[in-house]
Amino acid sequence: MSTLQKTVEIPHLGGSSIGYTLGKPYDPQLPTLVLINSYTTSAELYRAQFADDALGSAANLLALEPYGHGRTRAAYQHFTYWDSAIANLQALTALGIGEAFVMGTSQGGWVATRMALLAPDVVKGLILLGTSMDFESPRSRKLGCWDGDGFCTPVIDELADPVGEDWVVSERFMDDTFDAAMGGLSAEEREFWLTQYRENYSGEAGRQRLRLATVNLRDRDGLHGRLDDVRSPVLWLHGTADSVYSVANAEEEIRMFRGSPDARCEVVEGGQHFLSASKPVEVDSAAIEFLKRWG
C-alpha cells in the first residue's frame, strides 16, 4: 500500500494541523470519499480500503484524523466532535475539495453526520459503519448497545493526573479497546496497533489527548433531534457481531433520517464494530455501488 501521509493547516481551535492520508495523488475527475476513523485509532484503520484498487479507482480516498487522534493537533486543548466536523470541512477547503462523500466508523459516523448537518452542500452522501446517533443513553442500552459509561469512566479517572514524558498508553487499554471493537487481534495486528498507539499516545500531551477523546465518547450529545435535517443519501452498514452498538439500534435510527432522499441500513453477517477492518470486502463493495449511484 502506497499512500500520501501529510498534514494541512486550518484556523479552527486557534490553529490546527489536521492529519490526512491520500490513497494517491488527487484526481479532480473522481469523487472524493472521506474516511473518518474510530476511537483511538488513526488513518491506519483504513489500510484495507487504501489497498483496494477497485475502491481507489472509484474515488479519491482521503482519511482525515479527528482531534485527539493520529497526527492531528490544535492550539487549544479541549475539543468536541463538532470541532472535528468543522476541522474536516476546513481541511477540505484548504485542500481545494468542494464536495465529498463521507464514510465514518463508530465515532467517525457521528463526525460524518455532523459534517452533513453543518455543510449540506459539501457532503453528498454518508456511509455510516457500526455507529450510533444517540448519546450513551439508557435507550440504547435497552436495545443491546454497550455500557459506554462503564468502559469510559475508569479510563478517564485513570488518566486524570499529569504524567512524565516517558509515559505511554498501556497494553491493557489497547487490548480492551480491540477486544470490544474487533473481538481481539492476531499477534501481527496486535503488534502493529500497539506501535501505533504508543506513537500517538505518549507523554503528557498524549495523556491529555487520550483522556479528552474518552471524555468525548462518554459525554457526547445525541443527534436524534437533528437527523431529519440531513439532506444527503445515507447508507448504514452494521455487523451482526458488533458488541458496542446493536443492529436493533441501527435499524431504529436509520428511520430518523426523514429528510434524506434515500436512507437504508444493511446488515453485514459476522461484522465486528470496526466494520471497515473486519469486513473490508463487503464494506468496499457497498461503497463502490453507493458512489456509482450517487456520484
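Salt-bridge check for D228 with R226: failed, with every basic side-chain N at 4.0 Å or more from each acidic carboxylate O. A salt bridge does not link R207 with D161: every distance from a Lys NZ or Arg NE/NH1/NH2 to an Asp or Glu carboxylate oxygen is 4.0 Å or more. Ion pairing between a basic and an acidic side chain is recognised when a charged N comes within 4.0 Å of a carboxylate O; D52 and R47 show no such pairing. Of the charged side-chain nitrogens involved, none lies within less than 4.0 Å of a carboxylate oxygen, so that R211 and E158 do not count as a salt-bridged pair.
Put simply, SG on C152 and CH2 on W146 are 4.5 Å apart, with the number rounded to the nearest 0.5 Å. Between E136 atom CD and D219 atom CG the span is 9.5 Å, to the nearest 0.5 Å. Separating the OG atom in S106 from the CD1 atom in I36 is a distance of 12.0 Å, to the nearest 0.5 Å.
Judged by the 6.0 Å distance and 45° axis criteria, R220 is positioned over the aromatic ring of W110. Stacking of R218 on the aromatic ring of F135 is not recorded, the 6.0 Å distance cut-off and the 45° axial limit not both being met.
Looking at R139, R141, K142 one by one, the single match for side-chain hydrogen bond (donor to acceptor under 3.5 Å, both in side chains) with N249 turns out to be R139.
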What do the steps show when you test E251 against W236 for side-chain hydrogen bond (donor to acceptor under 3.5 Å, both in side chains), and what is the final call? CA-CA 9 Å; E251 291 177 336; W236 187 323; over 6 Å; no
Does the side chain to side chain contact (heavy atoms under 4.5 Å, CB included) test come out yes or no for Q49 and S276, once each step is laid out? CA-CA 8 Å; Q49 283 66 49; S276 59; 3.8 Å; yes
Verdict with supporting geometry, F290 and L126, side chain to side chain contact (heavy atoms under 4.5 Å, CB included): CA-CA 9 Å; F290 188 79; L126 293 173; 5.9 Å; no
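Side-chain contact between L212 and Q77: present, with at least one pair of heavy atoms (C-beta onward) separated by less than 4.5 Å. For the pair E189/M182, no side-chain contact is recorded, criterion being any heavy-atom separation below 4.5 Å from C-beta on. Using a 4.5 Å cut-off on side-chain heavy atoms (C-beta onward), T105 and Y46 make contact.
Heavy-atom minimum distance, V155 versus Y39: CG1-OH, 4.5 Å.
Each side chain to side chain donor-acceptor pair (under 3.5 Å) pair with one or both residues in residues 61-72, not counting sequence neighbours, appears once here: S16-Y67, T21-R71, E65-R71, H69-Q107.
Judged by distance alone, the side chains of S137 and D134 do bring a donor and an acceptor atom under 3.5 Å apart. In this model, no donor atom of one side chain and acceptor atom of the other lie less than 3.5 Å apart for Q272 and D242.
Scored by the side-chain hydrogen bond (donor to acceptor under 3.5 Å, both in side chains) test, E9 finds S17 as partners (sequence neighbours excluded).
Looking only at distances, a side-chain donor or acceptor of D83 sits under 3.5 Å from a matching main-chain atom of T80.
Members clustered with L30: none, using a 4.5 Å side-chain heavy-atom cutoff among hydrophobic residues.
Centroid-to-centroid, the aromatic rings of H238 and Y245 stay 6.0 Å apart or farther. Ring pair F101/W294: centre-to-centre distance not below 6.0 Å.
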